[in-house]
Every structure is written in structure tokens, then in C-alpha cells.
Amino acid sequence: MPTFLFPSFLLLLSFLCFPSPSSSSLLYNVQSFGAVSGATSDATSSFLKAWASACSSASPSTLYVPPGRFLLRSLALAGPCRSSVTFRSEATLLAPSEYWGLGNSDYWIMFINVTRLSVVGGVYDARGSSYWSCVASRSSCTGGANTLAFEWSNDVHNVRLNAPSQSPNTDGIHVQSSTGVSVFNARITTGDDCISLGPGTKNVFIKRVACGPGHGISIGSLGNTAQEDGVQNITVTGVVFTGTQNGVRIKSWARQSTGFARDITFRNIVMKNVYNPIIIDQKYCPDNNCPNQNSGVQISRVSYKHVRGTSATQVAVSLICSPTRPCWGISLKNIDLTSPGQTTTSYCEHAGGTASGIVVPKSCL
Ligand SMILES: *[C@@H]1O[C@H](CO)[C@@H](O)[C@H](O)[C@H]1NC(C)=O
Ligand SMILES: *[C@@H]1O[C@H](CO)[C@@H](O)[C@H](O)[C@H]1NC(C)=O
């Protein structure tokens, strides 16, 4: 089940490409269903009616949002649809200005059970600032919602995601319990992970992504629960990290777990002033609730190939694995990570594998 999730709360999201809808596609304009531009009247029910018509069309259809500013509450666009559907917007869609306007919903806009879906154009302004201020003030803020959730959906390309670098716990794209997801051509700036891959994720291909500011691309956190699915067969290639906290990271809680991460490839990666360019951290325990525990998550067959650029810190490669489940099959090939004015180093704990080609800093495997 390919799932595209755009959590956590309220990103400003715009899709870059604006291809014209194919002339053979039936057009359902939300304005014909009563939607009024101007961002004051709620357009949710008009969108639902337009969707119902587009989705029940026997031939390919387009739900079209003309230029303007439309206010939407939680919107679930459900399939299955009879034919392919394009959601094409030239508008700015706005969430309620205060986060409680979404009630208890954990999403703003969600596509459920829709196959052959394309989402094209438009700006999605989920107006997260009231929620972020609430989180920053450490009061108990209800919920938090995903800006966009796509389930059973494909063909989401050229996505640009922007959230302020101070936005707490706001991942760009989070993929979990999903198989066969691809992310291409994305530019992601945020306050947490640009892309994170959670438990139960398989066969993911990530290509041509620009990440930063943000926390990098992360597999994990894994091992949060004792019984957990693993992560397997992940390829990340052609990514540029700029000023990020991490580059490519695998992290697991220091707890017992059935989780694992294996057959992971990071290649053709450029780091620009990244704090932890290559990092495995199996001692993750931010709440200190892991006394004397080691991670049960087995990490194996992880390859780093053609990774170059600059590290903002001396330790450019840090591989901290579990004492009870040491990492094996790590491979470093053609790594060139330098830092202005200092010699970079590697640090390993319980990490096994091989280095080949030119490897700077010197391998600790
Ligand atoms: C999605 O479709 C499946 C089968 O077609 C159905 O069992 C499920 O209830 C649907 N889910 C939603 C949320 O519509
Ligand atoms: C691994 O994932 C890729 C997609 O990135 C897929 O094409 C390939 O078939 C997968 N390999 C296996 C063994 O499942």
C-alpha cells in the first residue's frame, strides 16, 4: 500500500508543475459547485460535491480549482473512483487560521483509496503558526494534523515543501507501513526531518531531493515498540543537504525490539556544511526512559557510496551501533567529507563492515 504522508502539522506546500489537463478529461470546477473565493466562506462542502462528481465519472476527470483563495476545513476525498482523477489547482487553499478549526481531525486534506490520482499545481497553506506557538509554549495542544495524506496513491512529483526551520516536529515527508513509494524531485525545507522512513517501510526509492534547512533524511526512529516491522530495501540517491543537522541517518531507540533496517543504499550524496553527515545512532533515548537497555534493532547491509562535501563538525562519520546487536555489512566507498580548518574523523561503536576506494575521514570500521 503506497502511502504518501506529509506530516506533521501544517506545512505550506506547493506543487511546481502546471501541465494543462488533457482535453479528453472531464472538468469539474469547484466554483460550479458553489465554492466562493475570498478565504472567508467555507468551501469544504463544495469541494466534496465536485469530488463526488469527478470520482464517479466513467472517463478520466479533473477536479479543477480556479485561481483564488479557498478556505477548507478537514477534507477527506475518498475513492475508489471509476476512472483516473486529477486534482488540479491554480488557487491557494487555506486551512482555518487557528489550528482548533480542524477539530480532532489528524489531517487537513486526505485522499483515501484513490488510485490513478495526480495532484497538480496550487499552494496548500495549512497555517501552522498557531499550533507551533502552542507547542513552543509547552501547553497541551490537542492533536496536530497532517497537511496532506495520500493513501493508495501514485504520481506525486515535483513537490516543494516549506516549513519554517523553527517549526517543531514537522517532517517534510513521512513514510511508514508502506511498500513501493518513490519520491522524486522534491525541495524540502523544514524544522525536522526532510524525509523520514518509519517501521514497516519497504522498496522505497528517493531521488533528486534538495534538503535544508532541516534534520536530513532519516530511517527511524526504529525500535520504539517491542514488536515492530523492519525497514528494508531503501535507496537514496542524488540528494543535496544544505546546512542540515544530519545528512543520512539511521536511528533506533535503545530498547528491546524486533525491528530491523537492512539493504539500505545511500549514494551520490552532496553535503554542504552538515553537522552529522553520516550517522547511525542506536542510543536514541530523548526521554531517558531506557535505563540500561540496548537497542534490539538489527542494522545490516548499509552502503554509503560517493558521499562528498563538507561537515560542520569534526566527526563526519559516526556509527554507533547496539552492543547486543552490532551492525554488520556496512560499506563505505569513495567518501570525501572535509571540514574547513580541521581534519575530519570517524567514530565507530559495534559497527562492522568494509571500506574501499578513497575514504576521508579514515574509516573506523
Ligand atoms: C478502502 O477500500 C477498501 C477496499 O476497497 C475498503 O475495505 C476500505 O474500507 C476503504 N477504506 C476507506 C477509508 O474508505
Ligand atoms: C527494491 O526496491 C526497488 C524500488 O526502489 C524495487 O524496484 C526492487 O524490486 C526492490 N527489490 C526487491 C528485492 O524487492
Side-chain angles (χ1 to χ4, degrees), residues 1-7 115 150-157 159 171-186 188 193-209 211 215-225 227-239 241 246-253 257-269 277-282 284 295-307 317 319 321-322 325-335 351-356 365:
M1 179 180 82
T3 303
F4 284 82
L5 281 177
F6 292 75
T115 54
F150 299 86
E151 296 192 12
W152 304 68
S153 307
N154 270 318
D155 302 325
V156 184
H157 301 296
V159 177
D171 289 345
I173 297 176
H174 180 71
V175 182
Q176 183 156 334
S177 306
S178 300
T179 300
V181 173
S182 305
V183 178
F184 294 126
N185 302 335
I188 302 172
D193 294 331
C194 288
I195 301 179
S196 58
L197 307 178
T201 303
K202 280 181 203 156
N203 304 355
V204 167
F205 199 82
I206 296 170
K207 188 174 177 181
R208 281 194 301 270
V209 170
C211 165
H215 291 188
I217 293 185
S218 193
I219 295 179
S221 309
L222 305 179
N224 188 28
T225 56
Q227 293 295 319
E228 195 178 272
D229 281 344
V231 173
Q232 197 168 345
N233 186 23
I234 310 295
T235 302
V236 176
T237 181
V239 177
F241 295 94
N246 307 294
V248 290
R249 171 170 63 166
I250 303 176
K251 78 174 173 180
S252 77
W253 287 81
S257 176
T258 56
F260 60 84
R262 61 182 175 230
D263 301 313
I264 317 285
T265 300
F266 299 108
R267 63 166 190 257
N268 302 333
I269 310 275
I278 292 179
I279 177 166
I280 293 178
D281 176 12
Q282 294 208 262
Y284 182 69
S295 180
V297 173
Q298 177 71 71
I299 296 177
S300 61
R301 296 194 299 256
V302 181
S303 131
Y304 304 89
K305 221 183 280 183
H306 304 291
V307 180
V317 177
L319 307 172
C321 297
S322 166
R325 287 258 194 295
C327 300
W328 58 271
I330 309 258
S331 104
L332 294 168
K333 184 174 184 183
N334 297 338
I335 310 293
T354 56
S356 61
L365 287 169

Rounded to the nearest 0.5 angstrom, the OG-CG distance for Ser252 and Leu222 is 6.5 Å
For a quick test of reading the model, state the closest non-hydrogen atom pair linking Glu228 to Gly223 and the distance between them. OE2-N, 2.7 Å
Would Arg267 and Thr235 count as a side chain to side chain contact (heavy atoms under 4.5 Å, CB included) if you check the C-alpha gap in whole Å, the side-chain angles of each, and the deciding distance to 0.1 Å? CA-CA 8 Å; Arg267 63 166 190 257; Thr235 302; 4.1 Å; yes
Determine whether Phe266 and Val239 make a side-chain contact, defined as any pair of heavy atoms from C-beta on separated by less than 4.5 Å. no
Counting distance only, does the side-chain N/O of Ser257 pair as donor-acceptor with the main-chain N or O of Thr225 below 3.5 Å? yes
Looking at CD1 of Ile195 and CD1 of Ile188, how far apart are the two atoms once the value is rounded to the nearest 0.5 Å? 4.5 Å
Donor-acceptor contact below 3.5 Å, side chain Gln298 vs main chain Pro326: yes
Pick one: which of Thr265, Ile206, Val204 meets side-chain contact (heavy atoms from CB on, under 4.5 Å) with Val236? Ile206
Taking all non-hydrogen atoms of both residues, which atom of Thr201 and which atom of Ile234 are closest, and how far apart? O-CD1, 4.0 Å
Determine whether Ile278 and Leu319 make a side-chain contact, defined as any pair of heavy atoms from C-beta on separated by less than 4.5 Å. yes
Partner set under side-chain contact (heavy atoms from CB on, under 4.5 Å) for Ser356, not counting sequence neighbours: Lys333
Rounded to the nearest 0.5 Å, what separates atom CD1 in Ile299 from atom CH2 in Trp328? 12.0 Å
Can you tell me if Arg325 uses its side chain to pair, donor with acceptor, with the backbone of Gly296 under 3.5 Å? yes
Salt bridge present between Arg249 and Asp193 (N-O < 4.0 angstrom): yes
Kindly compute the distance separating CD1 (Ile280) from OG (Ser322), expressed to the nearest 0.5 Å. 11.5 Å
Check the angle between the aromatic planes of Tyr284 and Trp253 and answer parallel, tilted or perpendicular using the 30° and 60° thresholds. perpendicular
d(Ile335 CD1, Lys305 NZ) to nearest 0.5 Å is 10.5 Å
Kindly determine whether Asn203 and Asn233 satisfy side-chain hydrogen bond (donor to acceptor under 3.5 Å, both in side chains), including the steps that lead there. CA-CA 5 Å; Asn203 304 355; Asn233 186 23; 2.8 Å; yes
Hey, could you give me the OH/CD1 distance between Tyr304 and Ile330, rounded to the nearest 0.5 Å? 5.5 Å
Least distance between heavy atoms, Cys321 atom then Gln282 atom: CA-OE1, 3.4 Å
Before giving the answer on side chain to side chain contact (heavy atoms under 4.5 Å, CB included), spell out for Phe241 and Asn246 the whole-Å C-alpha distance, their side-chain angles and the decisive distance to 0.1 Å. CA-CA 8 Å; Phe241 295 94; Asn246 307 294; over 6 Å; no
